[in-house]
Amino acid sequence: MIGTHAFEQAREHRELRRGCYTELHKDARQFSTALSRHLYVMRDRTAEAEDIRALEETKDTYRDRWSEALMIASDTVVPSAHDVNEALNLVYGQVKRLEQGRSRPGETLRSAAEAQHSLWALIGAMREAMRGDLGVTDDPHPGIRSGELPEAVRRDFGVAEET
């Protein structure tokens, strides 16, 4: 019976991690998307209260999920999840400074768009770490591997062609 109990506990813990990972991945993607949307708003017009509230709500949802993940995620997942968390917060800080007219030297809509785009590779790496921890895959290829900016980002935020 001890073996059955240990097996059930391991299965329950795996399901708990799976649920946590699914939600963390979803919320990180939604936060990154909200940052992108906010950059487009700032490019086109002054952000209004509703725009700001939408970004803040998405950030708060992600922050709560991150706090939960710190208690549940395995030690093999935490480093990549930490990288995502740190990068999301850095981009968020840059976006907020731009929004409030208090940007630091070198901070522009362009640099914020570049930083926001780089989030996708980190989120992809986190996803692969999660899938590996769950035993779903050993595929070392995250969804977006290239550091190359899509044409739309280059065009929309005045990013010069890379040579």
How long is the straight-line distance from [atom2] of [Y] back to [atom1] of [X], given to the nearest 0.5 Å?
X: Glu23; Y: Arg18; atom1: CD; atom2: CZ; answer: 10.5 Å
X: Thr61; Y: Asp27; atom1: OG1; atom2: CG; answer: 6.0 Å
X: Thr58; Y: Arg37; atom1: OG1; atom2: CZ; answer: 8.0 Å
X: Trp66; Y: Glu86; atom1: CH2; atom2: CD; answer: 9.5 Å
X: Ser118; Y: Ile123; atom1: OG; atom2: CD1; answer: 9.5 Å

Task: Check ion pair Glu15-Arg11 (N to O, under 4.0 angstrom) - done: no
TODO: Check whether any side-chain heavy atom of Leu35 lies under 4.5 Å from a side-chain heavy atom of Leu55, and answer yes or no.
DONE: yes
Task: Flag side-chain contact, heavy atom, 4.5 Å: Leu119 against Gln116 - done: yes
TODO: Go through Asn85 and Arg63 one step at a time and tell me if the side chain to side chain contact (heavy atoms under 4.5 Å, CB included) criterion holds.
DONE: CA-CA 9 Å; Asn85 183 63; Arg63 182 201 59 224; over 6 Å; no
If two hydrophobic side chains count as joined below 4.5 Å and joins carry through other members, does [X] share a cluster with [Y]?
X: Val41; Y: Val91; value: no
X: Leu98; Y: Leu90; value: no
X: Ile52; Y: Tyr40; value: no

Do you know the tightest heavy-atom contact between [X] and [Y]?
X: Leu109; Y: Met42; result: CD2-CE, 3.6 Å
X: Ala69; Y: Cys20; result: CA-SG, 3.5 Å
X: Met126; Y: Ala81; result: SD-CA, 3.6 Å
X: Ala112; Y: Leu39; result: CB-CD2, 3.6 Å
X: Leu24; Y: Met130; result: CD2-CE, 3.5 Å
X: Pro79; Y: Asp75; result: CD-O, 3.2 Å

Can you name the salt bridge (Lys or Arg N to Asp or Glu O under 4.0 Å) partners of [X], sequence neighbours left out?
X: Arg17; result: Asp133
X: Arg29; result: none
X: Lys59; result: Glu56

Open item on the list: Which residues pass the ring-ring contact (aromatic ring centres under 6.0 Å, His included) test with Tyr21, not counting sequence neighbours?
Closed with: none
- [ ] Carefully, step by step, assess Phe31 and Asp60 under the rule side chain to side chain contact (heavy atoms under 4.5 Å, CB included).
- [x] CA-CA 9 Å; Phe31 188 14; Asp60 290 347; over 6 Å; no
Task: Under the side-chain hydrogen bond (donor to acceptor under 3.5 Å, both in side chains) test, residues paired with Glu68 that sit two or more places apart - done: Arg65
Open item on the list: I'd like to check the side-chain hydrogen bond (donor to acceptor under 3.5 Å, both in side chains) partners of Gln94; sequence neighbours left out, ordered by chain and number.
Closed with: Ser111
- [ ] Give a yes or no on this: more than 12 heavy atoms of other residues, nucleotides or ligands lie within 6.0 Å of atom CD of Glu50.
- [x] no
- [ ] Output yes when a side-chain donor or acceptor of Ser36 lies under 3.5 Å from a complementary backbone atom of Ser32, and no otherwise.
- [x] no
Task: Check: Glu48 main-chain N/O paired with Asp51 side-chain donor or acceptor under 3.5 Å - done: yes
